[in-house]
Amino acid sequence: MLNASFLLIFLMTPEEAYSIKLISDVRLTSEGNLLHVETWIEDYDYVSAIFLNGKRIIKGKVSLPKFNGEYLYYVKEDKKNEVCLFRKLQYGDEEKLFCLSKISDYVFHPKGILVIGEDKTNKKEPFEATKLKYRFDSRGLLRTRQSLYLFSTKLEKIISGDFDVTGVATNGKRVVISATKENDDIGLSDVYEVDLSNGDLIRITKGEGVVNALAVNEKGEIAYLGHRKGIAPWAVEEIILPEEDKSFLCGNTCGGHVLTDLFDGVKTRISFVGDTVYSLGQVKGEVQLYKINDKAEQVTEGKIVVRGFDVNSKGDIAYFYTTPTKPSILHYKEDYDPNPGVEGVPPQEINDEIQGWAIITDPNNPTILFIHGGPHAAYGYGYFIEFQFFASNGFNIIYCNPRGSQGYGEDFAKACVGDWGGKDMQDIINFTKKVIEKYGLKGKLGVTGGSYGGYMTNWIVTQTDMFSAAISERSISNLVSMCGTSDIGFWFNTIEAGIDDPWKPENIDKLMKMSPIYYVKNVKTPTMLIHGENDYRCPIEQAEQFFIALKMNGVPTVLERYPGDSHEHARRGKPRNMIDRLYKKIWWFTKFLKS
């Protein structure tokens, strides 16, 4: 895994860094019984188990456990690598109901089980692209789309087309879905009511926007998490009751945009019980649980990031969260820690012009600056496997939320639009200099980041020589070529650059001058590039361009390619690749920061 001429002695190995268990789903029954899922890495593969009231009952590649009557339902990958819905009685054998290539969610209805999933397809057949959105990261070529199915005695497709059904909710009478039917190319979505007898749809939302989670209460009232601000990746999200023309803000934005590198694979959910909607909400680096009735009221507290929750008909709440020192904690009446032997090094919070954090192991140690992606995501009070790995091996870790980060209001989140590499980079550099002064740091500096953080890493090494080494992951180097190769680049790059059409000559010029490749002749910093070969969000050609340019200019560089990995390679990639990635990163930073 490492250069044979370079010996490293680890206080924590990458294998040890990834030897944690993560809560990845919770479900509460009306009687107060608790289902939860734990996920871990075993023999370089992901494994999960379902627990009932703390006792493990099913192990495998399992997810989405739910009780309906006396049956426990769950999704599991079978021996043929198909994704199937199973059910079983407490003392009975499991029963396979049906299989698809993917099952995203399911809910129970008097007519059967409503399922969001994808058909199986032959990936070896030729593919014809006819629209802008013809492939998508972590999904590949869109040979099939997410559809709504109804399963009773057989599986029947109810809603399908060249768009995705992204959510489903029902009170047993009314059925509603969210779908990208009107604006699939640019990923906008709406809420529709479904007539199960004929598949007719009635659109409920007005205008254009995004629906990221959907719920219906017992009375058939609808709530969703999202916004109606059109194409606006920076938009603050709200809880919206579309038929009552009401909306509520949870903290500074509903939902949670705080990043971690935990491999729990959590999905955004809301719950609508009685007259109360439950949702996550973010304030700066915290993500808390909120309940919304006539107003939004914070339920949880502390320097935490809540990852998921469930609420039953009695209003009982179970949730799981992460902290900077604990990967995953489940709370239902009391805390349960699946990793009692894990205790990370706590960061020190820094609040100046922007919010940031520092893990200082020794002022004489080298320091690594981490830059988050998005750009409208954020760092916060979540556990980072990578931070703890590098801290345990003698590096200081610093990270911050520059302009563009979510959780500080919409104006702050929008402040980098049309100005990538401008004020956002100033915030990052100023933060770094202040941390160096505050803690008297004397070691060399390294910089790393992924996605937009990879863009910023590439950009910074073209603008300054203050860093002695850089590692750029799933990065962006050329905003023009990305418009034609990324699954979202044709619209995302356009709006983030503050232009209307990326193919006008004057806009091509602006995109190029916002691109690190334009200034690559300035680079002197040794730079490693890490990329998944199946990354459709920031395609690997972005790293290839920068690598070749650096190589031709005599800058020390390597390109680490990971077959089979998407844009999620650092969070939910192939475990063997993720472990190898940490070996490569510490080799590079040790070579240039410690020698």
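Hydrogens, waters and symmetry mates are skipped; everything else that's a heavy atom, side chains included, is used.
For the pair Lys133 and Phe136, the cation sits on the ring face: its NZ or CZ lies under 6.0 Å from the ring centre, inside 45° of the axis. Geometric assessment of Arg572 against the ring of Tyr46 yields a positive cation-pi assignment under the 6.0 Å and 45° thresholds. Cation-pi contact between Arg576 and Tyr44: present, with separation from the ring centre below 6.0 Å and deviation from the ring axis of at most 45°. A cation-pi contact links Arg135 to Tyr536, judged by a cut-off of 6.0 Å to the six-membered ring centre and 45° from its axis. In this structure, Lys594 forms a cation-pi arrangement with Phe395, its terminal cationic atom sitting closer than 6.0 Å to the ring centre and no more than 45° off the ring axis. At least one test fails for Arg537 against the ring of Phe492: distance under 6.0 Å to the centre or angle within 45° of the axis.
Around CG of Asp411, the count of heavy atoms belonging to other residues, nucleotides or ligands within 6.0 Å does not exceed 12. Other residues, nucleotides and ligands contribute at most 12 non-hydrogen atoms within 6.0 Å of the OH atom of Tyr518. Annotation for Lys326: atom NZ counts as buried by contact number, over 12 foreign heavy atoms lying within 6.0 Å. When the shell of 6.0 Å around CG of Asp501 is examined, it contains more than 12 heavy atoms from other residues, nucleotides or ligands. Other residues, nucleotides and ligands contribute only 12 or fewer heavy atoms inside 6.0 Å of the CD atom of Glu437. Within a 6.0 Å sphere centred on CD of Glu506, other residues, nucleotides and ligands contribute more than 12 heavy atoms. The number of heavy-atom neighbours closer than 6.0 Å to NZ of Lys442, taken from other residues, nucleotides and ligands shown, is above 12. With a 6.0 Å radius and a threshold of 12 heavy atoms from other residues, nucleotides or ligands, Lys444 has its NZ atom above the threshold.
For the atom pair CG of Asn351 and NZ of Lys284, the computed distance is 6.0 Å after rounding to the nearest 0.5 Å. Atom CH2 of Trp420 is separated from atom OG of Ser515 by 9.5 Å, given to the nearest 0.5 angstrom.
The main-chain N or O of Ser566 is never found under 3.5 Å from a side-chain atom of Asp535 such that the two would form a donor-acceptor pair. Checking side-chain atoms of Gln388 against main-chain N and O of Pro324 turns up a donor-acceptor pair under 3.5 Å.
Taking the six-membered ring where the residue is Trp, Tyr452 and His372 present tilted rings, their angle falling between 30° and 60°. Between Tyr408 and Phe412, the two ring planes are tilted [angle within 30° to 60°]. The aromatic rings of Tyr319 and Tyr321 lie tilted to each other, with the angle between the two planes from 30° to 60°. Ring-plane geometry between Phe10 and Tyr583 is classed as perpendicular, the angle between the planes exceeding 60 degrees on a 0 to 90 degree scale with a lower cut at 30.
Applying side-chain hydrogen bond (donor to acceptor under 3.5 Å, both in side chains) to Gln542 and the options Ser486, Ser475, Ser472, Ser481 leaves one that passes, Ser481.
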Worksheet item: Going through the distances and angles, do Thr448 and Phe589 end up as a side chain to side chain contact (heavy atoms under 4.5 Å, CB included)?
Response: CA-CA 10 Å; Thr448 186; Phe589 278 142; 4.0 Å; yes
Item to complete: Could you check Glu286 against Lys303 for salt bridge (Lys or Arg N to Asp or Glu O under 4.0 Å), going step by step and ending with a plain yes or no?
Response: CA-CA 6 Å; Glu286 296 180 14; Lys303 304 291 188 182; 3.7 Å; yes
Worksheet entry | ring pair (Phe, Tyr, Trp, His ring centres under 6.0 Å) between Tyr336 and His36, intermediate numbers included | CA-CA 11 Å; Tyr336 160 67; His36 84 266; 5.7 Å; yes
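Thr39 and Ser24 form a side-chain donor-acceptor contact under 3.5 Å, judged by distance and modelled atom types alone.
When ring centroids are compared, Phe389 and Tyr18 stay outside the 6.0 Å threshold.
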